[in-house]
Structure formats: C-alpha cells, structure tokens
There are 2 protein chains.
Amino acid sequence: MKKAIATQSIQNYLKHIYELTEGGQPASTTDIARELNVKPASVTGMVQKLAAEKPALVGYQKHQGVTLTAAGKKAALEVIRHHRLLETWLVQTLGYSWDEVHEEAERLEHVISEDFESRIAAALGNPTRDPHGELIPTEDLKMPPDKSIPLSSLRPNQTGIIQRVNAQNADLLRHLDELGLVPKVCVEVVEYSSFDNNLTIKVGSKSLVLGSNITTKIFIKCG
Amino acid sequence: MKKAIATQSIQNYLKHIYELTEGGQPASTTDIARELNVKPASVTGMVQKLAAEKPALVGYQKHQGVTLTAAGKKAALEVIRHHRLLETWLVQTLGYSWDEVHEEAERLEHVISEDFESRIAAALGNPTRDPHGELIPTEDLKMPPDKSIPLSSLRPNQTGIIQRVNAQNADLLRHLDELGLVPKVCVEVVEYSSFDNNLTIKVGSKSLVLGSNITTKIFIKCG
DNA sequence: AAAATAATTTAGGATAGACTAAATTTTACG
DNA sequence: CGTAAAATTTAGTCTATCCTAAATTATTTT
Ligand SMILES: [Mn+2]
Ligand SMILES: [Mn+2]
Ligand SMILES: [Mn+2]
Ligand SMILES: [Mn+2]
C-alpha cells in the first residue's frame with residue numbers, strides 16, 4: 001500500500017485530466033486551464049511537477065498534451081468515486097436536490113477518509129450511479145463501461161431512455177428537472193434541424209425543442 | 001452579512017484560542033503553539049496577522065497573551081459548531097464510535113457549507129451536545145452555559161453524573177468506554193489520595209482507581 | 001535588584017501554488 | 001511554404017504558512 005500525498009490542487013488536476021482524456025486524446029494545457037480556472041502557465045508548471053513525481057502521475061511531452069499514468073488514473077478515480085458517492089448520499093440522506101450537490105461534493109471529496117467512503121457506500125447499498133446518472137467508480141477503482149450516447153447524436157424516430165446528464169451548472173440542472181429531463185425518462189426524437197442542430201423531442205406527452213448546448217449533455221441509452 | 005475569508009489555518013487558530021481562553025485567562029503563544037503543533041515563532045506571526053484584520057479577530061499585546069474579539073469568538077464558535085454537529089452526526093447516522101469521530105470531523109469542519117450545517121442539525125433534531133457530551137454552540141453562535149465540574153475536584157462521598165468527557169485521544173476514549181465512563185453515567189467518589197491525586201470511584205457495581213490524567217478530563221454534573 | 005529562566009519576537013528561508021508578461025514553438029492557411 | 005494565429009513555455013513575482021536560529025523582553029528566584 002502506497003500513501004500518496006496528493007494535495008487538493010493535485011487531486012483536482014488529476015480529476016479534470018481524467019475527464020478530458022476519457023475519449024482517448026491527450027488533454028491540452030489550455031483545456032486543463034479552462035477546466036480548473038487557472039492560467040495555462042500554471043498548468044504547465046503543475047503538469048511538469050506531476051510528471052516528475054515518483055511514480056509519475058501524468059505522461060507529458062512538451063506541446064503534446066497530457067495523459068494519465070496508471071497511478072494518476074487511480075488517484076483520479078479515487079476522487080471521482082468520492083465525489084459521486086457524496087452526491088448520491090447528499091441527495092438520499094439530506095434531501096439535497098441534484099442541482100445543489102455538486103458544489104458541496106466538490107469540497108468534501110478531498111477530505112473524507114476511506115473509512116467514511118466505505119461507510120456511505122455501504123449505507124447507500126453500493127450504488128453504481130450518482131444523482132445525475134453518472135457511473136461511480138468501483139471500490140477497486142475501475143470505471144464501469146457505459147454505452148450511452150449523446151442525445152445530440154440521435155435523429156427523428158430514434159428513442160431511448162436518459163441514462164445520465166453530464167452537467168454541473170445549477171441553473172441548467174434545475175431547468176432540466178422542470179422539463180422532466182432526468183435519468184430513466186423515455187425520450188423520442190421527432191425532428192432535427194441541421195441549421196441550428198436543434199432537436200424536437202417527445203417526453204411523456206410534452207414536445208420540447210432543445211439546442212445543442214443541452215442535447216450534448218444528455219446521454220441516452222438506446223433500446 | 002460579512003463574508004470572512006478565514007482559511008483552515010486561521011479557523012484552527014481561532015478554535016484553539018477559544019478553548020484556551022474559556023477560563024477567562026488569555027492564551028499564551030506557547031500554549032497555542034503546543035495545541036496547534038507549530039512553533040511559537042509561527043504563532044506570533046499569525047496572531048499579529050489576526051490582530052491586524054479588520055475587524056480584528058484577536059486582541060494581542062506583546063507578552064500579554066491572546067484573547068478573542070467578538071468577531072474572533074464568533075468565527076471560533078462557527079467551527080466548533082461544525083465540529084460537534086459533525087461528530088454527532090457521524091455517530092448517529094454512520095455508526096462511528098466516539099473514538100473515531102474526532103479526526104474525521106477535524107477535516108470536515110472547515111469545508112461544509114452553512115446549508116449542510118443546518119441540514120444535519122435539523123436531521124438530528126437540533127442536538128445540544130455531541131457524542132462526548134460537549135455543548136454544541138447554537139445556530140446563532142452562542143455557547144450555552146455548562147455547570148459541570150471536573151471529576152478531579154470531587155471528594156469522597158460526593159456523587160454526580162458524567163456530563164461530558166473532554167478528550168480526543170482515541171485510545172483514551174476507548175479505554176473510558178470500556179470502563180463505562182461515558183456521559184449520563186452516575187459516579188460516586190469513595191476515596192481520594194492527596195499524594196498522587198488518585199480518586200477511587202464507584203460506577204455501577206464496579207470500583208475504579210483513576211489518576212488525574214483521567215479525572216481532569218471527565219466533567220460531572222452534581223445532583 | 002541581579003541573575004537565571006522562560007517566553008516572545010525578529011530575521012532569514014523553504015515550499016506550494018498561482019499570476020503576468022515575454023519568448024518560443026507548433027499549427028493553420030492563403 | 002512562409003507568415004499569422006494559437007498554444008505553450010519560461011522567467012520573475014506574489015501570498016500564505018511554516019521553519020530555525022538568534023536576539024530580545026519579561027518573570028521568577030535568590
Ligand atoms: Mn477513497
Ligand atoms: Mn454528479
Ligand atoms: Mn456554520
Ligand atoms: Mn467532541
């Protein structure tokens with residue numbers, strides 16, 4: 001058992017690099033900077049430090065972007081597991097709504113113990129998804145596979161159910177909640193406009209027109 | 001409403017200064033240093049900074065020790081309220097034992113929101129004491145009065161019930177738990193030794209001999 | 001009241017993390 | 001392919017917090 005001394009700042013870097021590299025491509029300095037609300041220059045400095053750690057937490061070549069090493073990925077999944085378990089638990093035991101949990105979990109994720117983590121996981125029945133439908137990394141820090149695809153990629157007549165909503169913005173989340181666009185809900189695409197990428201969908205008895213700012217954040221499991 | 005930018009370090013200073021000054025006397029630089037596991041020189045620097053804040057968080061005169069201002073006391077009670085509510089809640093909802101909660105609460109106390117605070121307070125039914133029997137500051141940040149006195153100040157034939165145990169050391173707390181020395185338990189002093197300040201007490205059917213390291217940490221409400 | 005002891009302060013560094021401005025490298029495209 | 005734009009890196013600062021060693025001030029004892 002290794003005891004890593006990842007600071008909160010490092011944990012945040014790793015978490016965001018994980019998310020930026022999920023698609024396979026390395027993360028650019030600029031992208032990381034935007035995610036973390038710091039300047040690109042700061043990212044370069046930190047990334048060079050992470051690459052110099054033993055074991056290295058990121059792979060880094062000048063101008064080639066950043067990837068996670070196995071050690072970095074594990075550390076990232078640890079933080080993500082904390083975050084998503086915390087969100088789930090805030091909703092289920094303290095009555096938070098899905099738009100209120102992100103901020104709180106963002107601070108708590110860095111300070112809870114492994115003991116706390118396993119106690120809430122057990123108390124919740126080892127959930128596999130958080131309140132937004134996002135997958136919770138397993139106890140042994142593997143991310144389960146997810147086959148959902150963005151709503152924006154569906155075309156008229158395609159149907160599916162909402163698997164997850166990849167958003168943290170509270171206003172957006174409240175808006176989606178009001179529209180009934182939450183996990184497990186069935187949707188059917190009835191119209192697509194190639195000009196603005198708007199989709200018209202049917203949810204229950206309602207018909208909604210959604211822009212791509214929304215449709216790229218809703219992920220669908222097709223039946 | 002003022003938004004203070006108290007860092008975790010500052011919050012810890014204020015919390016410990018609060019505890020050191022509860023008796024009315026100012027806290028010495030050395031005492032604060034011992035409590036916080038930093039060097040006296042570091043305390044001087046921080047204390048001068050806290051005294052220079054607007055509004056000042058501490059009163060400070062060279063060689064005269066440190067006191068809390070109204071603003072500093074409020075900030076300290078805020079942290080203490082967080083700590084004790086968290087401990088209570090860890091015990092009651094996650095099955096922690098009283099010797100396991102301190103460390104966890106120590107980290108969480110600095111990062112929970114006011115919203116989180118009031119949610120757990122409500123969920124617990126606005127408790128007035130934590131698992132160690134310590135008073136929880138009220139929502140408006142007043143510390144309720146407590147009339148308990150240390151067990152060490154009792155003499156043979158005096159009786160009372162344990163009100164609170166002022167200790168964080170996990171080993172000691174486990175030991176006390178095994179001896180049945182927990183809040184609400186009745187005790188009777190049967191013997192006092194002026195040589196070593198040992199007290200012999202009766203708890204239920206058992207007789208125990210306790211040194212002053214223990215008896216000064218157990219506080220009794222006399223009947 | 002002086003000397004011994006204890007408490008306190010100052011000065012000078014260290015580390016972590018972020019910033020700005022300037023320099024450099026890569027990529028994009030006319 | 002050569003320049004303009006974009007991305008990246010470097011260099012030099014800054015703030016917060018802690019440290020050690022040395023100097024100073026207060027308190028306690030004789
Ligand atoms: Mn964990
Ligand atoms: Mn989530
Ligand atoms: Mn509070
Ligand atoms: Mn307590």
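Owing to the predicted nature of the structure, the values given are computational and were not obtained by experimental measurement.
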Heavy-atom protein contacts under 4.0 Å, nucleotides 5-17 of chain D, coded B base, S sugar-phosphate only, - none: --SSBB-----SS

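- The side-chain contact (heavy atoms from CB on, under 4.5 Å) with A:L14 is formed by just one residue from the set A:L50, A:V79, A:L77; it is A:L50.
- Listed for the A:H16 side chain is no donor-acceptor partner under 3.5 Å among the backbone atoms of A:L36.
- Side chain of B:R174 to backbone of B:D99: no donor-acceptor contact under 3.5 angstrom is found.
- Checked against the 6.0 Å centroid threshold, A:W89 and A:F116 count as a close aromatic pair.
- With no hydrogens or angles considered, a side-chain donor-acceptor pair links B:E114 and B:H82 at under 3.5 Å.
- Between A:N12 atom CG and C:dA16 atom P the separation is 17 Å, expressed in whole Å.
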